[in-house]
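Heads up, the thing below is written out as structure tokens.
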Amino acid sequence: MKLVTFTAAERAAIGHIDDEGHVRDLSSVLGNRTLLDVIDDWEHLRSAIDTAAGLPPVASPRLLPPILQPRRNLFAVGKNYRDHVAEFGRSGYDQPERPGALPTVPVVFSKLPSTVIGPYEDIDLHPAVSSELDYEAELAVILGRGGRGIHRDRAMAHVWGYTIINDVTARDLQRDHQQWLLGKSLDTFAPMGPQPVPEDVGERTVERDSSNAAGRGGLPLSTPRGAGRRGPAPRRLCGQR
């Protein structure tokens, strides 16, 4: 199942990519639902998507971010691989008093919803405020079922699926302001997609060197403890910061 959000003739809709690489319009099945709407009603809509036939091909579609407007910030975990912690410590952008130090608890930061753009859109370089940009390809975990204080043993029950995000950073803003929100959250700093992949579709292969993880690894859905309720959106970026 290769879902996409696309626009054609000034209309945004959800489609799927067939075996020949053509986008097929799912509007006859999903109406004007967004991907977030589909995630909310996934148990009922999945079978209709799986069995849809005779879907029209879309002429000249432009692929959009799978989730056009996240409901909340994108939450991310930084400095969670030992090699990257060491590299970041040598870069000059780390905390000067503790460069290269391994974190003792997850380093959580966020990116504003306004950072999200499509996978093939241009990134605004913001030359008036930054001259030192960086980029990192990240796995984004899309949450489906909401919750609070989620135990690590139950974390995967809250995961709807995955997509890819380019985590763009203004490193000079990150360094100068000694916090990460500004440097991570300039407009266009999170190209997303093009495809969201549901957790329950087919087999997946993940290669992970746990010896390189700075901490226990896994999905940190229970951090920060007692914080706000998690709901459907791309909420966690799992990668190097």
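Count residues from 1 along the sequence.
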Any sub-3.5 Å donor-acceptor pair from [X]'s side-chain atoms to [Y]'s backbone N or O?
{"X": "Arg171", "Y": "Glu132", "result": "no"}
{"X": "Thr7", "Y": "Arg62", "result": "no"}
{"X": "Lys111", "Y": "Val116", "result": "no"}
{"X": "Lys2", "Y": "Asp18", "result": "no"}
{"X": "Thr115", "Y": "Asp187", "result": "no"}
{"X": "Asn73", "Y": "Phe75", "result": "no"}

**Request:** Would you please name every residue forming a salt bridge (charged side-chain N to carboxylate O under 4.0 Å, His left out) with Asp41, sequence neighbours left out?
**Result:** none
**Partner set under salt bridge (charged side-chain N to carboxylate O under 4.0 Å, His left out) for Asp153, not counting sequence neighbours** = none
Student check: side-chain heavy atoms of [X] and [Y] closer than 4.5 Å:
{"X": "Arg175", "Y": "Asp172", "value": "yes"}
{"X": "Trp42", "Y": "Pro198", "value": "yes"}
{"X": "Val141", "Y": "Tyr162", "value": "yes"}
{"X": "Pro66", "Y": "Leu3", "value": "no"}
{"X": "Pro196", "Y": "Ile142", "value": "yes"}
{"X": "Thr5", "Y": "Thr34", "value": "no"}
{"X": "His16", "Y": "Leu26", "value": "yes"}
{"X": "Leu64", "Y": "Tyr120", "value": "no"}

Using every non-hydrogen atom in the two residues, find where [X] and [Y] come nearest and quote the distance to one decimal.
{"X": "Gly144", "Y": "Ile39", "result": "CA-CG2, 3.8 Å"}
{"X": "Pro113", "Y": "Arg72", "result": "CG-O, 3.6 Å"}
{"X": "Arg24", "Y": "Pro57", "result": "NH1-CD, 3.4 Å"}

Could you give the distance from [atom1] ([X]) to [atom2] ([Y]), rounded to the nearest 0.5 Å?
{"X": "Leu68", "Y": "Leu36", "atom1": "CG", "atom2": "CG", "answer": "8.5 Å"}
{"X": "Leu186", "Y": "Thr188", "atom1": "CG", "atom2": "OG1", "answer": "7.5 Å"}
{"X": "Ser185", "Y": "Gln174", "atom1": "OG", "atom2": "CD", "answer": "11.0 Å"}
{"X": "Thr163", "Y": "Glu138", "atom1": "OG1", "atom2": "CD", "answer": "12.5 Å"}
{"X": "Leu133", "Y": "Tyr135", "atom1": "CG", "atom2": "OH", "answer": "11.5 Å"}
{"X": "Met192", "Y": "Leu74", "atom1": "CE", "atom2": "CG", "answer": "5.5 Å"}

**Request:** Show your reasoning for whether side-chain hydrogen bond (donor to acceptor under 3.5 Å, both in side chains) applies to Thr169 and Asp134.
**Result:** CA-CA 5 Å; Thr169 308; Asp134 196 3; 5.9 Å; no
**Request:** Consider only side-chain N and O atoms of Asp200 and Trp160, and report whether a donor and an acceptor are under 3.5 Å apart.
**Result:** no
**Flag for Asp50-Ser47: side-chain donor and acceptor within less than 3.5 Å** = no
Side-chain heavy atoms nearer than 4.5 Å, only ILVMFWY residues, links allowed to pass through others: does that put [X] and [Y] together?
{"X": "Val168", "Y": "Leu125", "result": "yes"}
{"X": "Met156", "Y": "Leu139", "result": "yes"}
{"X": "Val197", "Y": "Val4", "result": "no"}
{"X": "Ile14", "Y": "Phe6", "result": "no"}
{"X": "Phe189", "Y": "Val129", "result": "yes"}

**Request:** Any chance you could lay out the side chain to side chain contact (heavy atoms under 4.5 Å, CB included) test for Val23 and Leu63, step after step, and finish with the verdict?
**Result:** CA-CA 9 Å; Val23 175; Leu63 298 184; 4.3 Å; yes
Do the charged groups of [X] and [Y] touch, with an N to O distance under 4.0 Å?
{"X": "Glu136", "Y": "Lys184", "answer": "yes"}
{"X": "Arg33", "Y": "Asp40", "answer": "no"}
{"X": "Arg11", "Y": "Asp25", "answer": "yes"}

**Request:** Would you please name every residue forming a side-chain contact (heavy atoms from CB on, under 4.5 Å) with Val107, sequence neighbours left out?
**Result:** Pro103, Trp180
**Message:** Atom CD of residue position Glu20 - does it have more than 12 heavy atoms of other residues, nucleotides or ligands inside 6.0 Å?
**Reply:** yes
